[in-house]
Every structure is written in C-alpha cells, then in structure tokens.
Engineer: 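Mind looking over this structure? Questions follow.
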2 protein chains.
Amino acid sequence: MRSDDLASIRRLPLFATMREENFAALTPASYLQAFPPQMQLITEGDHADFLHVVVEGCVELFARHNGRETTLALLRPVSTFILAAVVEEAVHLMSARTTEKSRVLMIPAQDIRDLVARDAAFSAAILRELAGGFRALVRELKNQKLRTAVERLANHLLRLDAEQGGHSVVELPYDKRTLASLLGMTPENLSRGFATLRPYGVEVNGGSIRLTKPDDLRRLAKPSPLVDPGTR
Amino acid sequence: MRSDDLASIRRLPLFATMREENFAALTPASYLQAFPPQMQLITEGDHADFLHVVVEGCVELFARHNGRETTLALLRPVSTFILAAVVEEAVHLMSARTTEKSRVLMIPAQDIRDLVARDAAFSAAILRELAGGFRALVRELKNQKLRTAVERLANHLLRLDAEQGGHSVVELPYDKRTLASLLGMTPENLSRGFATLRPYGVEVNGGSIRLTKPDDLRRLAKPSPLVDPGTR
DNA sequence: CGGTCGGTTGAAGCTAATCAATTAGAGTGG
DNA sequence: CCACTCTAATTGATTAGCTTCAACCGACCG
C-alpha cells in the first residue's frame with residue numbers, strides 16, 4: 001500500500017485516534033484494491049466480511065427489490081461504508097459498485113470487531129461514525145418523505161454547488177441516470193425537473209450546470225439544516 | 001422509580017451488560033415521567049439534553065418541513081430514542097410526542113457520554129444499538145423508495161400480524177391518520193389502500209383488521225428480509 | 001340533540017412513471 | 001476526417017399513483 005494512502009486513511013476520523021500499534025496491526029491484513037468502473041463490490045444479502053473504505057474514485061450504494069432499483073448513496077474518498085453490517089455481524093442491506101475507476105481498502109470485519117473490543121478510542125470513533133451515518137440517513141428519509149422530486153433536485157444542486165466552492169457552476173460528479181436514482185426519480189423525470197428549474201436560473205449543459213439565479217433557486221428549494229447536510 | 005420499571009430497563013440490551021455500579025450511578029439523575037397523550041417531548045432543532053426511553057405507552061417520532069409533516073417511527077416499550085443526537089452532542093433531527101398516555105425515562109445526555117468513555121461494555125452496547133438503528137433506517141428508506149403505498153401498507157399489515165401472534169387478526173395500535181403518515185401517504189389514500197386490498201382478504205372493521213387470505217396478501221406484498229425487519 | 005372528530009367517499013387535478021420515439025454525444029473503425 | 005454505432009439524454013404521449021378539496025357518515029361527548 002502506498003504510504004500517502006496509508007497516511008490519508010490514518011487521518012480519517014475513524015482511525016485518527018486509535019493507538020498506533022493497533023493501526024499497524026490492522027493494515028497488513030487489509031487489501032487496497034483497484035477496480036474498474038461498474039464493478040460490483042458487494043451484493044445485498046451476502047455476509048459482511050470486510051469493512052470498505054473508498055480511497056479513490058466513487059462508490060454507489062444501491063438496492064434492488066421486486067424489479068426496481070434505487071441508489072441510496074454515492075460515496076467519494078475518503079469514506080467508509082457498510083460499518084453497521086460489520087458491527088452487527090449481519091448481511092448487507094445494500095449492494096455496492098464502483099461508478100468509475102476506483103481504489104478501495106478492505107479490512108477484515110473480524111479485525112474491526114476485535115479492535116472495537118480492545119481499543120477504546122477506536123470504539124468511540126466507530127460510535128461517532130455510526131451516529132453520523134444514522135443522522136445522515138434520517139436526513140435522507142426526511143428528504144424523501146417531505147419533498148417533491150423537483151425540490152430534492154433543487155436542493156441537491158445547491159448542495160453540490162456549496163461543496164464545489166459556491167461558484168454557481170456545478171459539475172455533476174456522476175451521470176444523470178445515477179443522479180435520478182439517488183434522488184428517487186426516473187431519468188426522464190430528472191430531465192423534466194431540469195426543465196422546470198430553468199425559470200429559476202438552472203442552465204444545463206451536459207454535466208455542467210450554471211446557477212444564474214441562486215437566490216430564486218434557494219427560495220424554491222428551501223434548504224434546511226434539519227434536512228440537508230452541511231447547511232447552516 | 002418503581003423497582004420493576006428499573007428491572008425492565010436494566011434488561012434492555014443497552015443496559016444489560018453494563019457494570020452494576022455504573023447503572024446505579026445513572027438512575028438517580030434520571031427522571032421517569034408520566035405524560036398525557038399528544039404531549040410533545042422533543043422538538044427538532046433543539047439541543048439533545050436527555051436520552052429517552054419509552055417505558056410505557058407509545059411515542060411517535062415525526063418531522064415537519066415546509067408545511068408538510070411525516071411520521072418517521074412509532075416506538076413501543078421498551079425502546080430508546082434519539083441516541084445518535086446524544087452521542088453527537090447535536091440537535092434533534094426529529095420531534096417526538098406521545099400518542100397515548102405514556103411513561104418515559106429521561107437520562108441526562110452528559111451522563112451517557114461520560115459512561116461511554118468509562119464503561120467498555122456499555123459503549124459496546126450503545127454501538128450495537130446504533131448499528132441496529134442504522135440498519136432499521138436503511139430498511140425504511142428502501143421501503144419508501146422501492147415500494148408503492150399499497151405495497152407498504154400490505155407489508156405493514158403482515159408485520160403487525162406477525163408481531164401480534166400471526167392469528168390473522170390485527171389490532172391497529174394507533175389511529176389511521178398516524179399509520180398513514182408513517183407509511184408516507186395521506187389518510188384518504190390509506191382508506192383507498194384498504195379498499196384495493198379487499199380482494200386480497202383484508203377486512204377492515206374500525207381498528208381491527210382480519211386477513212382472510214394471508215397467502216394472497218403475501219404474494220402482493222412480497223415481504224423480504226432485506227427490507228422488512230423480522231422477516232424470514 | 002347539535003357538535004366535533006376520525007374516517008370514508010367522490011371528483012378533479014397534479015406529479016411522476018411508463019412507453020415510445022428522437023436527438024445528442026462519445027467512441028470506433030475505416 | 002468521416003460515417004457508423006452505441007449509449008445517454010431528451011421529448012412527447014399516455015397512464016398510474018397519489019394529493020387535494022369537498023361532501024358525507026357515523027361514533028362519541030358534552
């Protein structure tokens with residue numbers, strides 16, 4: 001494993017506070033693997049054998065049921081996933097696949113569980129990570145149940161803009177079908193969503209989107225710190 | 001606090017494994033309070049000062065946004081809530097109110113956080129509780145995104161039936177407006193949902209519901225262990 | 001006995017999904 | 001460099017699912 005990868009993983013909230021010897025013990029048993037795009041890493045229903053960390057690229061968490069499929073989250077470096085299944089020694093509730101060329105660190109689940117028992121600082125970090133994930137999920141559920149598709153889209157654009165520096169020019173970090181699925185809508189409906197947002201200054205040009213009237217858009221979207229992560 | 005209440009709380013997964021002295025230290029600072037129906041206990045946006053435990057009655061977790069309101073969960077004894085906000089020292093993302101006469105144990109958040117730092121067994125129990133909550137939320141999000149309203153209703157009925165002993169007679173433990181909100185639909189639409197389930201052997205009589213063709217209903221609902229808690 | 005409230009029913013409208021067709025782009029190979 | 005192909009994205013037409021508004025019903029309660 002490259003030492004700068006190791007360093008950036010060590011800097012994760014999850015690993016930052018753990019004892020050096022424990023971190024050192026963790027890494028040799030782990031794999032840092034490179035994957036091509038659209039490679040499925042995890043299948044829902046399978047047993048959770050590894051904690052995963054996106055080191056580079058992008059990973060999509062999704063689920064299928066009864067002929068339908070939906071995206072539950074898109075993860076960018078550096079984030080962990082399926083922590084809850086590892087803690088619970090349970091099966092995955094979500095599948096995972098790369099959306100682009102990616103590198104993913106895989107740590108044996110049993111090692112994580114052993115460490116939780118031994119390293120109090122690590123255990124506390126895991127706790128905070130899970131609590132954060134829980135709250136992110138509550139937000140997402142509220143987003144789904146309390147907003148229309150267009151409102152979700154508007155808020156997502158504002159959030160992407162904020163993440164990308166607030167220059168009112170957003171680059172979609174994934175294709176529109178994936179975005180549609182994440183927002184809980186069809187690709188067709190996403191297209192129409194963009195169209196209805198045109199009067200609010202949303203100018204779409206491929207994967208690049210200009211927000212020419214951010215205030216109007218914000219008035220429509222009504223972002224809230226109790227729904228949207230990173231909102232004040 | 002009544003000693004049998006204390007005992008049943010002690011039996012909770014959250015408290016069962018913690019050291020006796022720590023449990024003893026926790027209780028004097030806590031309040032076990034009785035509340036009338038429809039009493040709001042928590043308001044989203046407020047700071048989380050207490051961990052709550054439903055000891056008797058029923059508590060509804062709900063959220064409002066932009067003129068809409070939705071029920072996120074209905075909690076029966078004995079369950080804890082807003083654990084994530086306590087761990088994160090953050091504001092509540094959900095409001096809470098009683099749906100009936102209830103008794104709720106309130107434990108100072110700071111005491112919980114202190115204990116997490118001191119008692120490894122308690123910390124591990126909190127971790128499992130949160131992981132379980134996380135997975136319940138993932139299921140709920142999948143339920144919302146992958147199913148229609150009628151499918152959600154059908155599955156909810158099957159689940160209630162299973163919880164109540166599988167006699168194919170379900171007693172709704174809350175009124176229909178609340179159920180509608182929990183399922184993410186309007187009360188009117190819930191009524192119509194019951195009507196469309198009539199051919200599948202769903203006979204509604206006030207709050208009492210007979211399932212005369214459970215197999216037909218199950219074929220429609222398609223319950224799955226990856227979506228529905230407690231499904232085989 | 002009127003009043004209120006939870007629930008149901010009806011009609012109309014809106015949002016979003018579906019199906020079908022077309023266009024736009026990104027490679028690919030000649 | 002230019003057709004050719006394949007896929008993503010858009011657009012149009014239709015349908016399904018759900019909401020909204022309004023009226024109504026029945027039970028419970030003062």
Engineer: For A:N205 and for A:N189, find the nucleotide of DNA chain C with the closest heavy atom, then tell me which residue's nucleotide is more 5'.
Structural biologist: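 Going by which nucleotide is closer to the 5' end, it is A:N189.
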Engineer: Consider the side chain of A:V150, meaning its heavy atoms from C-beta on, and name the nucleotide among C:dA16, D:dA22, C:dA20 that approaches it most closely.
Structural biologist: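 Within the option list, the nearest is C:dA16.
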Engineer: Please evaluate the base of D:dC18 for a donor-acceptor partner in the side chain of B:E188 within a cut-off of under 3.5 Å?
Structural biologist: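 Result: no qualifying N/O pair found.
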Engineer: A:D228 and salt bridge (charged side-chain N to carboxylate O under 4.0 Å, His left out): which single residue from A:R135, A:K142, A:R147 fits?
Structural biologist: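 One option only clears the test, and that one is A:R147.
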Engineer: What orientation do B:H156 and B:Y174 show, parallel under 30°, tilted 30 to 60°, or perpendicular over 60°?
Structural biologist: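 Taking B:Y174 first and then B:H156, their aromatic rings sit tilted (interplane angle of 30° to 60°).
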Engineer: Report the distance from atom NZ of B:K145 to atom P of D:dC18, rounded to the nearest whole Å.
Structural biologist: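 In whole Å, D:dC18 P lies 16 Å from B:K145 NZ.
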Engineer: Nearest whole angstrom, please: distance from the P of C:dG7 to the CG of B:L153.
Structural biologist: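 Distance, rounded to whole Å: 14 Å.
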Engineer: Determine, step by step, whether B:Q164 and B:V170 satisfy the side chain to side chain contact (heavy atoms under 4.5 Å, CB included) criterion, reporting the C-alpha distance in whole Å, the side-chain angles of both residues, the deciding distance to 0.1 Å, and the verdict.
Structural biologist: CA-CA 7 Å; B:Q164 293 175 14; B:V170 177; 3.9 Å; yes
Engineer: Identify each donor-acceptor pair in which a side-chain atom of residues 72-86 of chain A lies under 3.5 Å from a protein atom, sequence neighbours left out, and give them as a table.
Structural biologist:
residue: A:R76; atom: NH2; partner: A:E100; partner atom: OE1; Å: 3.3
residue: A:R76; atom: NH2; partner: A:P173; partner atom: O; Å: 2.7
residue: A:S79; atom: OG; partner: A:R76; partner atom: O; Å: 2.5
residue: A:T80; atom: OG1; partner: A:E129; partner atom: OE2; Å: 2.7

Engineer: Rounded to whole Å, please give me the gap between CG in B:L190 and C1' in D:dT19.
Structural biologist: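 About 14 Å, once rounded to whole Å.
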Engineer: With the threshold set at 4.0 Å, does a side-chain nitrogen-carboxylate oxygen contact exist between B:R192 and B:E188?
Structural biologist: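 Salt bridge between B:R192 and B:E188, a charged N being under 4.0 Å from a carboxylate O: no.
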Engineer: Record whether the side chain of B:R192 comes under 3.5 Å of the base of D:dG17 through a donor-acceptor pair of N or O atoms.
Structural biologist: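 Flag unset: no donor-acceptor pair detected.
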Engineer: Any side-chain donor-acceptor pair under 3.5 Å between A:T99 and A:E60?
Structural biologist: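 Looking only at side-chain atoms, A:E60 and A:T99 do not form any donor-acceptor pair under 3.5 Å.
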Engineer: What residues in residues 171-183 of chain A put a non-hydrogen atom under 4.0 Å from any atom of DNA chain C?
Structural biologist: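 Here the set is empty: none.
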Engineer: Could you tell me whether the phosphate oxygens of D:dT19, OP1 or OP2, come under 4.0 Å of any side-chain nitrogen or oxygen in B:T186?
Structural biologist: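 Looking at the OP1 and OP2 atoms of D:dT19, one of them is under 4.0 Å from a side-chain N or O of B:T186.
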Engineer: Starting from C1' on C:dT15, measure out to CD on A:E151 and report it in whole angstrom.
Structural biologist: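 Going from CD in A:E151 over to C1' in C:dT15 covers 12 Å.
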Engineer: Are side-chain N/O atoms of B:N205 and B:S208 paired as donor and acceptor at under 3.5 Å?
Structural biologist: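 There is no such pair between these side chains.
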Engineer: Assign B:A149 to base, sugar-phosphate, or nothing according to its heavy-atom contacts below 4.0 angstrom with the strands shown.
Structural biologist: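 Sugar-phosphate contact only.
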Engineer: Whole angstrom is fine here: how far is it from CE in B:M185 over to C1' in D:dT20?
Structural biologist: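 After rounding, the reported distance stands at 15 Å.
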Engineer: Rounded to the nearest angstrom, tell me the gap between atom CZ in A:F194 and atom P in D:dT10.
Structural biologist: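 Rounding to the nearest Å, CZ of A:F194 and P of D:dT10 are 7 Å apart.
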Engineer: Within this structure, what is the CZ-to-P distance between B:R68 and D:dC18, rounded to whole angstrom?
Structural biologist: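 After rounding, the reported distance stands at 16 Å.
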Engineer: Name the closest nucleotide to the B:S191 side chain, picking from C:dA16, D:dT19, C:dG7.
Structural biologist: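 Of C:dA16, D:dT19, C:dG7, C:dG7 is nearest to the side chain of B:S191.
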